[in-house]
Number of protein chains: 2
Amino acid sequence: MLKISELSEQTGLSAHTLRYYEKHGLINASNRSEAGYRFYNDSDLRRVQFVKTARNTGFSLADIGQLLSIRVDKRSHSCQDVTDITQKKLLEVNAKLTELQSMQQTLELLLESCCGGPENATHCSIMEALDAGLLREDNKEARLIK
Amino acid sequence: MLKISELSEQTGLSAHTLRYYEKHGLINASNRSEAGYRFYNDSDLRRVQFVKTARNTGFSLADIGQLLSIRVDKRSHSCQDVTDITQKKLLEVNAKLTELQSMQQTLELLLESCCGGPENATHCSIMEALDAGLLREDNKEARLIK
DNA sequence: TATAACCTTAGAGCCAACTCTAAGGTCAAT
DNA sequence: ATTGACCTTAGAGTTGGCTCTAAGGTTATA
Ligand SMILES: [Zn+2]
Ligand SMILES: [Zn+2]
Ligand SMILES: [Zn+2]
Ligand SMILES: [Zn+2]
């Protein structure tokens with residue numbers, strides 16, 4: 001039986017975070033001492049580790065709630081239920097990746113275009129590009145206007 | 001001279017957002033009517049468009065504040081001042097990209113490993129992987145444990 | 001028995017960038 | 001003169017995931 005500080009050590013999640021997860025229905029301490037201290041058993045620990053792994057994978061706490069309700073009753077859920085959640089998350093991640101890659105490309109083009117030197121910025125092509133609107137917005141690819 | 005709703009139309013930013021930007025020192029209406037209505041001239045419009053372009057490029061409002069103070073006095077700033085901000089932003093973007101790519105890879109591996117079918121999840125390899133800790137965390141690359 | 005290091009709770013604060021509300025003033029058209 | 005569409009302000013609410021505080025109770029050690 002682990003106290004919350006011990007569970008915290010085992011998992012790398014703060015005691016605050018563990019209580020927060022409990023408040024949001026993700027985890028629970030299956031026992032309490034007479035004074036009300038939380039005590040966690042091995043099954044509790046494994047559940048917390050599941051949450052942590054899912055969190056590291058990028059799932060939101062809401063997603064994890066769903067995954068946990070599958071986990072506690074696998075017989076009532078299908079592999080498709082699991083892949084639906086995973087697929088949805090992958091789509092979100094891919095959308096963000098696309099957005100960030102476009103930013104990356106724009107920033108790289110901006111940096112290439114500027115001398116980066118110590119003289120004054122009256123001629124700076126980054127400032128010019130930002131002033132000019134920078135992108136052809138009709139095109140999905142960020143591209144500096146020449 | 002544009003009223004706020006007209007500037008909103010011209011820029012695609014809501015009047016709320018324009019007032020929010022003003023409150024945070026990014027933009028300003030150079031004139032007001034007797035009744036206190038904001039009026040924007042061409043120079044105001046160009047400044048707002050600069051803000052919008054920088055926003056689309058991924059810069060935070062704090063970054064944009066710095067870029068704007070360079071913009072109004074280019075002679076007192078160097079190209080390096082501009083590239084410093086841009087480079088910092090690129091590093092942030094690259095860090096997020098790395099994180100998201102790792103998530104993407106993990107999610108793809110999970111999806112490959114699961115049949116996604118209608119039978120029950122007692123054998124689901126996604127659930128197993130999340131239970132098992134999923135990643136070799138010593139390695140930067142996400143990898144399913146075999 | 002005192003001190004420190006734990007634990008409890010409800011609830012507030014934080015981050016960024018909005019987004020919206022309330023309560024009222026203004027303006028153009030009917 | 002009355003709609004209705006605009007405008008103003010200060011300030012509250014939203015999102016997600018923590019993070020921290022206050023005020024108190026418990027436990028281990030000296
Ligand atoms: Zn230069
Ligand atoms: Zn430059
Ligand atoms: Zn299956
Ligand atoms: Zn499966």
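So that the names make sense, note that chain A is the first sequence line, chain B the second, and so on, each numbered from 1.
- Pairs passing the salt bridge (Lys or Arg N to Asp or Glu O under 4.0 Å) check and including a residue from residues 36-47 of chain A, sequence neighbours excluded, read Glu22(A)-Arg38(A).
- Here Lys3(A) pairs with nothing under the salt bridge (charged side-chain N to carboxylate O under 4.0 Å, His left out) rule; sequence neighbours left out.
- Looking at residues two or more places apart in sequence or on another chain, you find no side chain to side chain donor-acceptor pair (under 3.5 Å) involving Ser69(B).
- Atoms CG (Leu26(B)) and P (dC18(C)) sit 10 Å apart, rounded to a whole Å.
- For Glu9(B), there are no side-chain contact (heavy atoms from CB on, under 4.5 Å) partners two or more places apart in sequence or in a different chain.
- For the pair Glu6(B) CD and dC6(D) P, the interatomic distance rounds to 10 Å; values are reported in whole Å.
- In this structure His24(B) satisfies the side-chain contact (heavy atoms from CB on, under 4.5 Å) test together with Tyr20(B), sequence neighbours excluded.
- Atom CG of Leu18(B) and atom P of dA17(C) are 16 Å apart (whole Å).
- Residues passing the side chain to side chain donor-acceptor pair (under 3.5 Å) test with Asn41(B) are Ser30(B), sequence neighbours excluded.
- Take Ala15(B) and apply the side-chain contact (heavy atoms from CB on, under 4.5 Å) test, not counting sequence neighbours, and it matches Ile4(B), Arg19(B).
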Task: Per-nucleotide protein contact string for nucleotides 19-25 of chain D, where B marks a base within reach and S marks sugar-phosphate only (heavy atoms under 4.0 Å, - for neither) - done: BBB---B
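- Toward the 5′ end of DNA chain C lies the nearest nucleotide of Arg38(A), the other residue of the pair Glu34(B) and Arg38(A) mapping further downstream.
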Task: Strand DNA chain C in bracket notation, Watson-Crick/G-U under 3.5 Å with | for pairs to another chain - done: ||||||||||||||||||||||||||||||
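- Sequence neighbours left out, not one pair with a member in residues 35-81 of chain A passes ring-ring contact (aromatic ring centres under 6.0 Å, His included).
- Contacts between residues 81-95 of chain B and DNA chain D, counted as heavy-atom distances below 4.0 Å, involve no residue at all.
- Every pair passing salt bridge (Lys or Arg N to Asp or Glu O under 4.0 Å) that includes a residue from residues 62-75 of chain A is listed here, sequence neighbours excluded: Asp63(A)-Lys88(A), Arg71(A)-Asp131(B).
- Distance Arg55(B) CZ to dA17(C) P: 5 Å, rounded to the nearest Å.
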